[in-house]
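Heads up: the structure comes next, in structure tokens.
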Amino acid sequence: TVLDVDRVPDDTFTKEDYAKLKYAGPLYFDFDAEDIEDSIPRFKEFLENLKSNGVNLECLRLYATGGRGFHIEVPPQVFLTKAAKDGIRALPYIYRDMAMEVVVETLDLKIYSGRKGRMWRTCGVERIKKDGEPTGRYKVPLTLQEALDITSETYVDLTSAPRAEPARATPELSTYLATMFAKSQQKVDAAVGRQ
């Protein structure tokens, strides 16, 4: 999955065991629609919203999934002033609350789950159709300029073969996302009775 967890759940895990898990990893967003033509404008709108709120887009890891959408990963240094050594409880739910604050059409909110079953596509692995046939498409990293300029035609070209991860800017703290994270963490902690 996109997040690391402090221990691997097994079949004996109870609801209480799941609640004690600690997670670490980037803030993540998944854009998915029935047609790539629907995902592209929402993906660009989302990036523009982040930019207008002072987020340095050069710090983000941007991906075309090779299907009908995009992934964005935001390094923790962009919204945390200090890394949590052992991870953070309920992190998927904190991230879901943050996503609800910035939601646009085609943003998939089902991926924020603290349970088994939510997979995050890996770069360079060919997508397979439901019938088992390869699609000839891959999840690939995008530069910021490629993301901002992408069309349905360039999407097909870019995802037709694996690509190396481009250089990314050193993550810099975003007051906008740091404030959002702090508020979401307080909200989630209050909901589960932790102070």
Side-chain angles (χ1 to χ4, degrees), residues 1-6 21-32 39-65 69-114 118-123 139-150 158 163-191 194:
T1 67
V2 67
L3 296 177
D4 293 327
V5 67
D6 65 341
L21 289 176
K22 292 184 178 182
Y23 302 84
L27 171 60
Y28 52 99
F29 300 101
D30 178 21
F31 296 82
D32 195 15
S39 291
I40 289 172
R42 300 294 77 81
F43 173 66
K44 290 180 180 182
E45 174 188 355
F46 189 86
L47 290 173
E48 186 55 44
N49 289 347
L50 290 179
K51 181 181 176 184
S52 69
N53 281 290
V55 177
N56 180 356
L57 301 183
E58 295 283 353
C59 299
L60 309 183
R61 295 188 299 262
L62 309 172
Y63 301 94
T65 64
F70 300 91
H71 288 164
I72 297 174
E73 295 178 10
V74 182
Q77 301 90 330
V78 175
F79 55 89
L80 290 176
T81 55
K82 183 179 175 186
K85 183 180 175 186
D86 298 324
I88 299 170
R89 282 191 185 171
L91 190 58
Y93 307 109
I94 295 168
Y95 286 171
R96 179 177 53 204
D97 191 73
M98 292 176 75
M100 293 296 291
E101 292 293 319
V102 293
V103 71
V104 296
E105 279 185 60
T106 78
L107 183 62
D108 185 356
L109 298 174
K110 295 180 298 218
I111 63 169
Y112 302 102
S113 166
R118 299 290 179 211
M119 302 301 290
W120 194 249
R121 186 168 303 285
T122 302
C123 279
K139 177 179 173 180
V140 297
L142 301 172
T143 66
L144 177 57
Q145 198 58 56
E146 287 170 334
L148 296 175
D149 294 341
I150 202 157
L158 289 167
R163 309 172 71 198
E165 188 77 33
R168 308 285 190 192
T170 301
E172 63 183 57
L173 186 66
S174 159
T175 304
Y176 171 69
L177 290 179
T179 302
M180 189 184 302
F181 180 87
K183 287 180 181 177
S184 292
Q185 187 174 29
Q186 282 183 328
K187 184 176 176 182
V188 170
D189 283 352
R194 280 198 317 265

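As a basis for the values below, the full set of heavy atoms in this structure was taken, side chains included, without hydrogen atoms, waters or symmetry mates.
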Answer yes or no: is there a side-chain heavy-atom contact under 4.5 Å between [X] and [Y]?
X    : Y    : value
P26  : V2   : yes
L80  : I88  : yes
R163 : E146 : yes
L60  : L50  : yes
D189 : Q185 : yes
R168 : P75  : no
L142 : L158 : yes
L3   : W120 : no

Distance check, rounded to the nearest 0.5 Å: [X] atom [atom1] versus [Y] atom [atom2]?
X    : Y    : atom1 : atom2 : answer
F181 : T81  : CZ    : OG1   : 10.0 Å
I111 : D30  : CD1   : CG    : 4.5 Å
L62  : Q145 : CG    : CD    : 11.5 Å

*Hey, which of I40, L107, D32 is the one that makes side chain to side chain contact (heavy atoms under 4.5 Å, CB included) with F70?*
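Answer to the side chain to side chain contact (heavy atoms under 4.5 Å, CB included) test with F70 among I40, L107, D32: I40.
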Return all side-chain donor-acceptor pairs below 3.5 angstrom for residues 41-48, not counting sequence neighbours, or 'none' if the list is empty.
from : atom 1 : to   : atom 2 : distance (Å)
R42  : NE     : E45  : OE1    : 2.8
K44  : NZ     : L148 : O      : 3.2
K44  : NZ     : I150 : O      : 2.8

_Residues that E105 engages under side-chain hydrogen bond (donor to acceptor under 3.5 Å, both in side chains), provided they are two or more places apart_ =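 Per chain and number, E105 pairs via side-chain hydrogen bond (donor to acceptor under 3.5 Å, both in side chains) with no residue.
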_Y28 ring center near Y112 ring center (under 6.0 Å)_ =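 Centroid separation for Y28 and Y112: below 6.0 Å.
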